[in-house]
Structures are given as structure tokens and as C-alpha cells.
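Just so it is clear, the values below take in all heavy atoms, side chains as well, and ignore hydrogens, waters and symmetry mates.
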Amino acid sequence: MAFFVPFVVGAASGFVGSSFIKLSSGGKSKTAADAAVLESENEKLRTRIKEMQEQIDSLVNSNKKHRKESEANDEELEELEDKLKDAEKEIKALKAQLSHSESIIADYKATVARLESELEK
């Protein structure tokens, strides 16, 4: 007499679907053969699980690496933004100083022109 054992494979293994492994109920040699078939299938599953775990570990490590790089880039970006803000403040201060100097020069020129005109009289 033979009976079937369901053998389900999920999407995670790369195979989707199910099948039945035919096991026979006759004699010790058949039972040993059936056990060998099951053991072989189990070994395939163990190998596939190990491969998938290695893939997951690799992806996790890659994700960690990219997060660290992203954090470092964020820190560099913040530093650059701070430098830019400081430069903008300095430019604003220099423009104010230049404007003040230009007004003083304009006053001097007006004074010189007035003095020259008084000397000509």
C-alpha cells in the first residue's frame, strides 16, 4: 500500500506550489528508501534556507552600510549648510560695511567739492 505525503514549498524558497512525495508502506527497504527521499528533500531545504539566510544577512549588512553612509552624508550636508549660512552672514555684514564706506566717500567728495568751490570764490 502506498501513501502520499504533502510536500509544500513556499515562495521564500524560490519555488511556489506543492507536490506529493510518494511513499510506500511496504517492507523495510521501501521505508528506508522513503526515508532517504525525505532526507534528500530535507537537505535541499536546509541548503536553500542557508542560502536565503546568507542573502538576508548580506542585505542587512548592506542596508546598515548604506544607512551609515547616508548618516555621514547628512552630517556633511549639515556642515555645508552651516558654512553657507555663516558665509551669507559675513557677506551681509561686508555689504553693510561697504555701503557705510561708500557713504563716507560720498560725503568726503561732497566736502571736497564744496571746499573747492569756496576756494574758487
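Environment of CD in E118: crowded, with over 12 heavy atoms of neighbouring residues, nucleotides or ligands closer than 6.0 Å.
Looking only at side-chain heavy atoms (C-beta outward), Q53 and I56 come within less than 4.5 Å of each other. With a 4.5 Å cut-off on side-chain heavy atoms, R48 and E51 count as touching.
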Acceptor/donor pairs from residues 60-89 side chains to any protein atom, 3.5 angstrom cut, sequence neighbours excluded:
| unit_1 | atom_1 | unit_2 | atom_2 | d |
| --- | --- | --- | --- | --- |
| N61 | ND2 | D57 | O | 3.3 |
| S62 | OG | H66 | NE2 | 3.3 |
| N73 | ND2 | E69 | O | 3.3 |

With a cut-off of 3.5 Å and sequence neighbours excluded, list every side-chain donor-acceptor pair involving residues 101-117.
| unit_1 | atom_1 | unit_2 | atom_2 | d |
| --- | --- | --- | --- | --- |
| S101 | OG | Q97 | O | 3.2 |
| S103 | OG | H100 | O | 2.7 |
| T111 | OG1 | D107 | O | 2.9 |
| S117 | OG | R114 | O | 3.4 |

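Residues that satisfy the salt bridge (Lys or Arg N to Asp or Glu O under 4.0 Å) test with E120, not counting sequence neighbours, are absent from this structure.
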Verdict with supporting geometry, K95 and K92, side chain to side chain contact (heavy atoms under 4.5 Å, CB included): CA-CA 5 Å; K95 283 182 178 180; K92 187 176 179 180; 5.8 Å; no
